[in-house]
2 protein chains.
Amino acid sequence: MGSETDRAVRRDALENRRRILEAAREAFAERGVDGTSMHRIGRAAGVGQGTLYRHFEHKGALCSALLSEEIEGFVQEMRRRTEGRGPALGRLKWFLGWVARFNEQNGPLLGAIRDASAGGRRVELYGNPFYERLKNTVLELLDEAVGGEEVSPDLDVECLSDTLLAALNIDLYLYQRHQLGMERERIVAAVRSVLEGLRVRE
Amino acid sequence: MGSETDRAVRRDALENRRRILEAAREAFAERGVDGTSMHRIGRAAGVGQGTLYRHFEHKGALCSALLSEEIEGFVQEMRRRTEGRGPALGRLKWFLGWVARFNEQNGPLLGAIRDASAGGRRVELYGNPFYERLKNTVLELLDEAVGGEEVSPDLDVECLSDTLLAALNIDLYLYQRHQLGMERERIVAAVRSVLEGLRVRE
DNA sequence: AGACTGCACGGACAAATGTCCGTTTGAGGA
DNA sequence: TCCTCAAACGGACATTTGTCCGTGCAGTCT
């Protein structure tokens, strides 16, 4: 099935990709994500539109790439704290706080990614590796909580994972933070109180 | 403060507005919302771009107007069922089901409205009369539930209103329905189980 | 009726996203 | 080293959203 001859990746292609990311990072820092057009990024990187879009099929994809470059350490901690021992519900509560901090630090990029998944790309918002990673983490912790009899086994954990994460979606988060003036801790506390409600009763 | 001379609304302006909405309705039905450009709507309605955008400042606004035209009866029922007597928590559960049915029937328009509130218009998604209406309804019912001692008075009902509605936001809803293949009742049940968890314990 | 006035009209224009396609070039084989 | 060719390049182009501004007309006032 695999192609017989796997030609090596051309050096110029690699170099261009690097330059695009670099140019984008700088331009975003200087003029904001929304204030930076794809044309400008191409020019700054010294590549044409075709090249730009060959590497990143749309602005959202470029932002995603930039995001994953910059969050390595962040994700490390997420895995460590999440896979540890102790009550799963507690770890889940911590994780939801982690998502909020993530929102906080990456609002503009996350917002741009959301904007890019419009129209025919609606699906990409949730059907992408990053969201699936988040969801799986919630799902596993919830499953563990069921196993440890912390929460009722009747719960639809699959569906609840989406529900919980929805409470921290970037649109709502930015609105609550900047329009309603809510503090991060307050938003997180509300989701946690929901989680607390799921706990089995004696 | 009101202007001294309130000139009547010009008849041609009213007529044009009507024609735009009519053209949009037809075009959307025929080619889908995403597949219909604003230029096309203008041409079909026989008005220029300036006129089109004077009446509706962007595609999302046009969709909103179309939406509110078509949901009168729907909203009537919402108010009736929501303002009745009985346990507030029960009415809130019904209301969340209502929101889901609303999503179901108006997916394309709601999706387009979401797409239009991107970039500098991020705020409009939540800071608009329609969402505020939904949120107030949830908020009032939650307050009532606190008053009736159905749920704990410690809950942050203001924040929880957003949290609950987020679970039914159009993006996630369409994803769960069409990508994950979940049934409407299942999605609603998950949110309702969250609500059930908030109930006071004895 | 006739003139005045300001809202409304319409289409050219600006800016952004994303596609197409003829041309170039780097990597591997002879 | 030279040849070959698939992959990569680049920029013109198509499409869409949204703005600007000179022109015209509906409604009002005399």
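Each chain gets a letter, A, B and so on, in the order its sequence line appears, and its residues count up from 1. Just the heavy atoms: all of them, side chains too, but no hydrogens, waters or symmetry mates, feed the values below.
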Which pairs, protein N/O on one side and nucleotides 23-25 of chain C N/O on the other, fall under 3.5 Å?
residue	atom	partner	partner atom	Å
C/dT25	O2	A/Arg10	NH1	3.1

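- A close approach under 4.0 Å does occur between a side-chain nitrogen or oxygen of A/His55 and OP1 or OP2 of D/dC9.
- A/Arg122 is listed as a side-chain neighbour of B/Asp115, based on a closest heavy-atom distance under 4.5 Å.
- In this structure, B/Thr51 does not reach the C/dA8 phosphate: none of its side-chain N or O atoms is under 4.0 Å from OP1 or OP2.
- Salt bridge A/Arg80/A/Glu77: absent, no basic N to carboxylate O contact under 4.0 Å.
- Rounded to an integer number of Å, the gap from A/Leu14 CG to D/dC9 C1' is 15 Å.
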Show the distances under 3.5 angstrom between N or O atoms of the protein and N or O atoms of nucleotides 13-17 of chain C.
residue	atom	partner	partner atom	Å
C/dT17	OP2	A/Met38	N	3.0

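- Taking the six-membered ring for Trp and thresholds of 30 and 60 degrees, A/Trp98 and A/Phe102 have nearly parallel ring planes, at less than 30 degrees apart.
- Distance check, rounded to the nearest 0.5 Å: CD of A/Glu83 to OG1 of A/Thr137 gives 8.5 Å.
- Distance CG (A/Leu52) to C1' (D/dA12): 15 Å, rounded to an integer number of Å.
- Between the CZ atom of B/Arg43 and the P atom of D/dT16 there is a distance of 9 Å, given to the nearest Å.
- A/Arg11 places its CZ atom 13 Å from the C1' atom of C/dG28, with the value rounded to the nearest Å.
- Under the 6.0 Å cut-off for aromatic ring centres, A/Tyr131 and B/Tyr175 do not qualify, their centroids lying 6.0 Å or more apart.
- At a threshold of 4.0 Å, the pair A/Glu22-A/Arg25 counts as salt-bridged, since one of the basic side-chain nitrogens sits closer than that to a carboxylate oxygen.
- The CD-C1' distance, from A/Glu124 to C/dG18, rounds to 14 Å in whole Å.
- Taking atom CZ on A/Arg54 and atom P on D/dG10, their separation rounds to 10 Å, with Å as the unit.
- When the P atom of C/dA8 is taken as reference, atom CD1 of B/Ile20 falls 12 Å away, rounded to whole Å.
- Distance CG (B/Asp34) to P (D/dT15): 17 Å, rounded to an integer number of Å.
- Annotation for B/Phe28 and B/Val33: closest pair CD2-CA, 3.7 Å, computed over non-hydrogen atoms.
- Salt-bridge annotation for B/Lys135 and B/Glu158: present, with a side-chain N of the basic residue lying under 4.0 Å from a carboxylate O of the acidic one.
- Residue B/Asn16 places none of its side-chain N or O atoms closer than 4.0 Å to OP1 or OP2 of C/dA8.
- With salt bridges taken as basic N to acidic carboxylate O contacts below 4.0 Å, one links A/Arg199 and A/Glu196.
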